Amino acid sequence: MTLSIEVNGSKHSVEADPSTPLLYVLRNNLELNGAKYGCGLGQCGACTVHIDGRAVFSCLTPVGALEGRHVRTIEGLGTIEQPNPVQKAFQDEQAAQCGYCIAGMIMRAQALLDRNTTPTDEEIRVHMQPNLCRCGTHMRILRAIRRASDILTDNRSSAGVE
Ligand code: FES
Ligand code: FES
């Protein structure tokens with residue numbers, strides 16, 4: 001059946017069974033390949049995207065449940081030429097090894113920083129727990145999120161926002 005879905009501010013009509021995981025629709029129908037298939041079972045976080053600002057596993061989200069919701073993927077953050085602050089911080093800290101987990105990591109980190117630009121290390125660790133990195137770059141990822149927090153906080157104070 002034809003379903004309507006909004007991704008990164010653009011509306012799309014897709015032919016899909018409503019039970020199809022959002023991840024498949026993003027990758028196969030919309031050619032948004034940032035979110036990755038890791039486990040397909042909600043156990044790794046490689047497929048993390050935002051729905052209405054919350055980090056979710058797109059492998060477990062049926063596309064039929066998204067009428068009227070806002071989906072955001074890593075493609076909706078920045079570009080290679082103009083990475084957003086979280087992407088830039090991950091680059092600067094060389095947080096990726098193989099890179100497979102990184103889009104999901106960035107999306108989960110972004111969801112945290114969108115509502116709290118100054119999380120504690122403990123808050124970062126708890127928030128990031130659902131996402132796994134098989135390369136073991138967790139400490140670099142933690143540093144990248146701290147760096148992103150610093151960038152965002154500096155931006156806010158230089159713009160006069162408290
Ligand atoms: Fe979705 Fe692993 S692919 S949680
Ligand atoms: Fe390889 Fe995280 S960088 S899985």
Side-chain angles (χ1 to χ4, degrees), residues 3 5-8 12 14-67 69-115 119 121-152:
L3 299 167
I5 174 173
E6 189 209 295
V7 183
N8 301 328
H12 302 271
V14 294
E15 286 300 322
D17 185 279
S19 64
T20 308
L22 170 62
L23 178 64
Y24 297 0
V25 170
L26 291 174
R27 294 180 59 85
N28 300 338
N29 298 64
L30 304 182
E31 297 182 2
L32 295 170
N33 293 314
K36 298 288 185 284
Y37 182 95
C39 64
L41 298 168
Q43 293 176 357
C44 75
C47 64
T48 303
V49 301
H50 294 182
I51 296 176
D52 295 340
R54 297 194 52 202
V56 300
F57 297 138
S58 61
C59 69
L60 295 184
T61 306
V63 69
L66 297 174
E67 187 82 50
R69 319 282 298 271
H70 306 289
V71 178
R72 182 158 67 154
T73 69
I74 188 111
E75 290 87 351
L77 299 190
T79 61
I80 290 175
E81 297 75 27
Q82 289 194 301
N84 91 339
V86 182
Q87 292 170 309
K88 175 87 171 63
F90 270 68
Q91 283 176 359
D92 290 347
E93 291 294 341
Q94 299 274 296
Q97 190 162 315
C98 81
Y100 203 79
C101 70
I102 293 296
M105 290 286 185
I106 288 176
M107 292 311 286
R108 186 163 296 278
Q110 183 75 53
L112 172 66
L113 293 167
D114 280 346
R115 61 170 198 273
D121 277 1
E122 180 61 15
E123 286 169 330
I124 296 172
R125 284 175 196 274
V126 169
H127 178 82
M128 297 302 292
Q129 228 159 31
N131 286 45
L132 306 179
C133 173
R134 66 186 171 184
C135 299
T137 67
H138 297 93
M139 294 313 293
R140 283 188 258 163
I141 288 169
L142 180 60
R143 281 202 302 274
I145 298 171
R146 279 198 219 111
R147 181 188 281 257
S149 165
D150 289 345
I151 296 170
L152 291 165

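Quantities reported herein were computed from a predicted structural model and do not represent experimental measurements. Whatever order the structure lists ligands and atoms in, that order sets their numbers, starting from 1.
- Atoms of ligand 2 found under 4.0 Å from any heavy atom of Arg134, numbered from 1 in the order shown, are 4 (S).
- Of the possible donor and acceptor atoms, one in the side chain of Glu75 sits under 3.5 Å from a partner among the backbone N and O of Gly34.
- For Gln94, the CD atom is loosely surrounded, since the number of other residues' heavy atoms within 6.0 Å does not exceed 12.
- Close contacts between ligand 2 and Gly99 involve ligand atoms 1 (Fe), 3 (S) [criterion: under 4.0 Å to a heavy atom].
- Residue contact annotation: Cys133 places no N/O/S atom under 2.8 Å from atom 1 (Fe) of ligand 2.
- In terms of modelled atom types and a separation under 3.5 Å, the side chain of Tyr100 and the main chain of Cys133 share no donor-acceptor contact.
- The closest donor-acceptor contact from the side chain of Ser58 to the backbone of Cys47 lies under 3.5 Å.
- In this structure, the separation between CG on Leu26 and OG1 on Thr20 is 11.5 Å, given to the nearest 0.5 Å.
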Run Arg72 and Met107 through side-chain contact (heavy atoms from CB on, under 4.5 Å) and show every step you take. CA-CA 9 Å; Arg72 182 158 67 154; Met107 292 311 286; 4.1 Å; yes
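- In this structure, the side chain of Gln87 engages the main chain of Gly78 through a donor-acceptor pair within 3.5 Å.
- Between the side chain of Thr137 and the backbone N or O of Ala96 there is no donor-acceptor pair closer than 3.5 Å.
- Atom 2 (Fe) of ligand 2 lies under 2.8 Å from an N, O or S atom belonging to Cys101.
- Inside a sphere of radius 2.8 Å centred on atom 1 (Fe) of ligand 1, the protein N/O/S atoms present are Cys47 SG, Cys59 SG.
- Taking atom 1 (Fe) of ligand 2 as the corner point, the angle from Cys98 atom SG to Cys135 atom SG is about 100° (rounded to 10 degrees).
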